[in-house]
*Asks:* 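Quick one: structure below, then a few questions.
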Protein chains: 2
Amino acid sequence: MNKTTISDIASKAGVSRMTVSRVLSGNGPVAEETAKKIKSIMAEMNYQPNLIARSLSIRKSMNLGVLIPKTEQLFLDNYIAQVLSGVSDIAQENDYRIMLVPVNQSCSEKGSYINYARSNLFDGIILVKAKINDPNLPELAESGFPFILVNYRKNEHGYNYVDSENVKGAELAMEHLYEKGHRKIAFVEGTKEETNSRDRLKGYKNSLKKFGLEYREEYVICGEFEKEIAYERSESLLNLVERPTAIFCSDDYMALGVIERIKTYGLSVPNDIAVIGFDNIEISQFSRPALTTVRQPIYEIGKTAATALLNIIGNKISQPVRKILKTKLIIREST
Amino acid sequence: MNKTTISDIASKAGVSRMTVSRVLSGNGPVAEETAKKIKSIMAEMNYQPNLIARSLSIRKSMNLGVLIPKTEQLFLDNYIAQVLSGVSDIAQENDYRIMLVPVNQSCSEKGSYINYARSNLFDGIILVKAKINDPNLPELAESGFPFILVNYRKNEHGYNYVDSENVKGAELAMEHLYEKGHRKIAFVEGTKEETNSRDRLKGYKNSLKKFGLEYREEYVICGEFEKEIAYERSESLLNLVERPTAIFCSDDYMALGVIERIKTYGLSVPNDIAVIGFDNIEISQFSRPALTTVRQPIYEIGKTAATALLNIIGNKISQPVRKILKTKLIIREST
DNA sequence: CTTAAATATGTTACCGATAACAGTTATCGG
DNA sequence: CCGATAACTGTTATCGGTAACATATTTAAG
């Protein structure tokens, strides 16, 4: 399969490569007759421009890099899948392509993905679920390379982000539990390394204060945003003498793990213990009991991030992008 | 952010660009001292090679294109997410990158994605869930461009594929239903345009014959592999005078839709009607009742496809790739 | 009818890397 | 001590496009 190049077309049409290039791009005048001839030759020879060569020439890759923390079976994470859907839709509308880059969780290695910015592979980067102590971030921000954070909030110079109302979302969840009569409410943290996890904890604490409830250390455990870990560690909550009557989990996956563990104790959700999640992933409506949760508009977050990134790339924006999307309580059966 | 190029490094080090290139690739001899100096300058200047330029030069993009049928919220499809996970893992191991390309369902437009093959963007293509009458396929096969089909079987010259045992998988499901005592078994087809859907239908028919059961047209409906459509159309099954006692669905999403519909009739699954799915997507274990289904090793399919594709690209393989992975019955509560 | 502007096309250089070939110097065996 | 080989480095051309400038031909305006 030897590719047809612009030179092949040019020589067959008896014109210079430049004339062919003009037909391709539509810029610059070409005689109607010439253009017609060139077009027919292109069709006949199945010509497709070499996009790599074009990228090199115009100094734009027409690619967006989507960097996601590398985990096992990457895309099974429904959250990431939804973000990707949003990004993909916007990219397509703008003739951009998407390149997936799983980056190592252990973000300690410096220069691990800042190098992608320097590799000319992407015109911009979408960083999903960045970690708070990620040493690449300051470097990236300083470099001026177009990038945007998804679900990571940082109000410093050079940072752009799209996030959802995590603090308020957590408060919504807590209000709901409080109204249901719960006073002993435990909290399952995600990872301490992500801003949205911290924000949800903050919302939890805010609410306790507001309702005049005591903050108890033994009521807070860390589930690392993983179902299995939440399953394991929730044991400590269930063994407490003053067992909580409700458990607020920082994400749905952990909520599912916690519910599973509660069942092993022969306890019922929500009668013995109510459980609420966060995110509203696809499964939450199918699990049993169906999960009460706080909806994040994840697909919209992806769309918003991609749109903003394209604006940054196109220099259509001067101010930093800092968007916070609304969350919403979705009441089902687990509370 | 002006990128440092190989020329910058070369002139700063007082050598030719070629020497720098040799240090980069590790091919060709470079004096230890020179190499050291060049490396330190590269580090100092934050040099990263322009991968676009390199691609043009070596005539390899180091990208795999993953073409998936464009649907709403693309990546929510758990099947695609699992394939992607597998592909991504293998790609990473081999320093390849993944580019996602949603392609229009209406595959009628000729040349829609064959052009990707000619654009030099990819070294190979993974085609997920191709349609039977896709006019691009023969053209692609003829072109000799490296590609592999996932869940599409076609034993013709130029076609490579990875699929699972769909016929046998369907027979496993039918056996299970038969053993459970069911004699009136309905079938919900996926789309007639995919080979795996046809294969499952074939397995259904095979089993009917084997068990001496009559094939009834009114027992077969088409759900287009969509939960909502299956929900709608399953009505016709439930309204039959001789209502089926079991419904075999070509995929899990449709099974979920069917179960939902059965519930609206005030009937119970599995007591009144048993339902079995296909795929074993993530949700199937969470739904209620938990879904009995036929597991496809989707993640492995992705891995296998990517591995094979890389072999084809590297010319390490001369024979067509035709792999069929095993399916397995997973019994839960819906039967 | 002349000149300026618009149209149509070509030339040269360049994007940033690598391949192929060509020197030059150092090393080694006989 | 000399020729041969290996080690090191450079030169030139090329991948397939596009930008900037130059030139030739029309067309329009005065």
Side-chain angles (χ1 to χ4, degrees), chain A residues 1-39 41-42 45-63 95 115-123, chain B residues 1-39 41-42 45-63 95 115-123:
Chain A
M1 185 166 174
N2 250 337
K3 308 275 168 44
T4 311
T5 72
I6 206 169
S7 303
D8 300 331
I9 305 292
S11 64
K12 191 147 187 180
V15 298
S16 73
R17 300 190 303 160
M18 206 49 223
T19 304
V20 179
S21 175
R22 288 195 182 98
V23 171
L24 274 177
S25 66
N27 304 332
V30 179
E32 205 173 317
E33 202 183 346
T34 316
K36 206 169 148 188
K37 185 177 175 186
I38 291 177
K39 277 178 188 164
I41 293 181
M42 291 197 305
M45 299 183 77
N46 279 327
Y47 172 72
Q48 276 302 115
N50 182 324
L51 297 183
I52 301 276
R54 178 180 284 168
S55 285
L56 180 61
S57 184
I58 65 174
R59 259 145 289 194
K60 270 175 92 180
S61 68
M62 298 307 280
N63 287 154
D95 292 318
N115 289 339
Y116 278 108
R118 297 196 239 267
S119 71
N120 297 64
L121 269 182
F122 313 125
D123 296 342
Chain B
M1 184 167 174
N2 251 335
K3 307 276 170 42
T4 312
T5 73
I6 205 169
S7 301
D8 300 331
I9 306 292
S11 63
K12 190 147 187 179
V15 298
S16 74
R17 299 187 307 163
M18 206 48 222
T19 303
V20 178
S21 175
R22 289 198 182 96
V23 170
L24 275 177
S25 67
N27 305 332
V30 179
E32 206 173 319
E33 202 183 346
T34 317
K36 205 168 148 188
K37 185 176 175 187
I38 291 177
K39 277 179 190 165
I41 293 180
M42 291 197 305
M45 300 183 77
N46 279 327
Y47 172 71
Q48 275 301 115
N50 182 325
L51 297 183
I52 301 275
R54 177 181 285 168
S55 284
L56 180 60
S57 185
I58 65 174
R59 259 144 290 194
K60 271 175 93 180
S61 68
M62 299 308 280
N63 288 154
D95 293 317
N115 290 339
Y116 278 109
R118 296 196 239 267
S119 72
N120 297 65
L121 269 182
F122 313 125
D123 295 343

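By convention in this document, chain letters (A, B, ...) are assigned in the order of the sequence lines, proteins followed by strands, and residues within each chain are numbered from 1. All values below were derived from every heavy atom in this structure, side-chain atoms included, with hydrogens, water molecules and symmetry-related copies excluded.
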*Asks:* Can you check the B/L51 CG to C/dT18 C1' distance for me, whole Å?
*Replies:*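 From B/L51 CG to C/dT18 C1': 13 Å.
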
*Asks:* Please report the shortest heavy-atom distance between A/A117 and B/K3, naming the atom on each side.
*Replies:*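 Closest approach of A/A117 to B/K3, heavy atoms only: O-CE, 3.7 Å.
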
*Asks:* At under 4.0 Å between heavy atoms, how does the protein contact nucleotides 8-17 of chain D? Give one character per nucleotide, 5' to 3', with B, S or -.
*Replies:* BBBB-B-BBB

*Asks:* Please report the shortest heavy-atom distance between B/Y47 and B/L24, naming the atom on each side.
*Replies:*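 It is OH-CD1, 3.6 Å.
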
*Asks:* For B/R22 versus B/V30, what's the shortest heavy-atom pair and its separation?
*Replies:*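 Looks like CB-CG2, 3.6 Å.
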
*Asks:* May I have the distance from B/M45 (atom CE) to C/dG16 (atom P), rounded to whole angstrom?
*Replies:*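 My rounded result for the distance is 13 Å.
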
*Asks:* Rounded to whole angstroms, how far apart are CE on A/M62 and P on D/dT18?
*Replies:*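 In whole Å, D/dT18 P and A/M62 CE are 13 Å from each other.
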
*Asks:* Of the non-hydrogen atoms in B/S7 and B/R17, which two are nearest, and what is the gap between them?
*Replies:*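 Smallest interatomic distance, heavy atoms only, reads OG-CD, 3.0 Å.
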
*Asks:* Do any N or O atoms from the side chain of A/S119 and from the backbone of B/L51 form a donor-acceptor pair under 3.5 angstrom?
*Replies:*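 Here the side-chain-to-backbone pair does not exist.
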
*Asks:* Between A/V23 and A/M42, what is the shortest heavy-atom contact and its length?
*Replies:*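 Looking at all heavy atoms of both residues, the closest pair is CG1-CE, 4.1 Å.
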
*Asks:* Expressed as a whole number of angstroms, how long is the span from B/D8:CG to C/dC15:P?
*Replies:*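 It is 10 Å, rounded to the nearest whole Å.
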
*Asks:* Note the angle between the end axes of the helix from C/dC1-D/dG30 to C/dG30-D/dC1, five pairs defining each, rounded to 10 degrees.
*Replies:*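 Axis-to-axis angle, ends of the helix: 30°.
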
*Asks:* Is there a donor-acceptor contact under 3.5 Å from the side chain of B/D123 to the main chain of B/S61?
*Replies:*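 Yes, because the side chain of B/D123 sits within donor-acceptor range (under 3.5 Å) of the backbone of B/S61.
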
*Asks:* Nearest heavy-atom pair of B/L56 and A/L56: which atoms, and what distance?
*Replies:*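 Residues B/L56 and A/L56, closest heavy atoms: CD2-CD2, 3.4 Å.
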
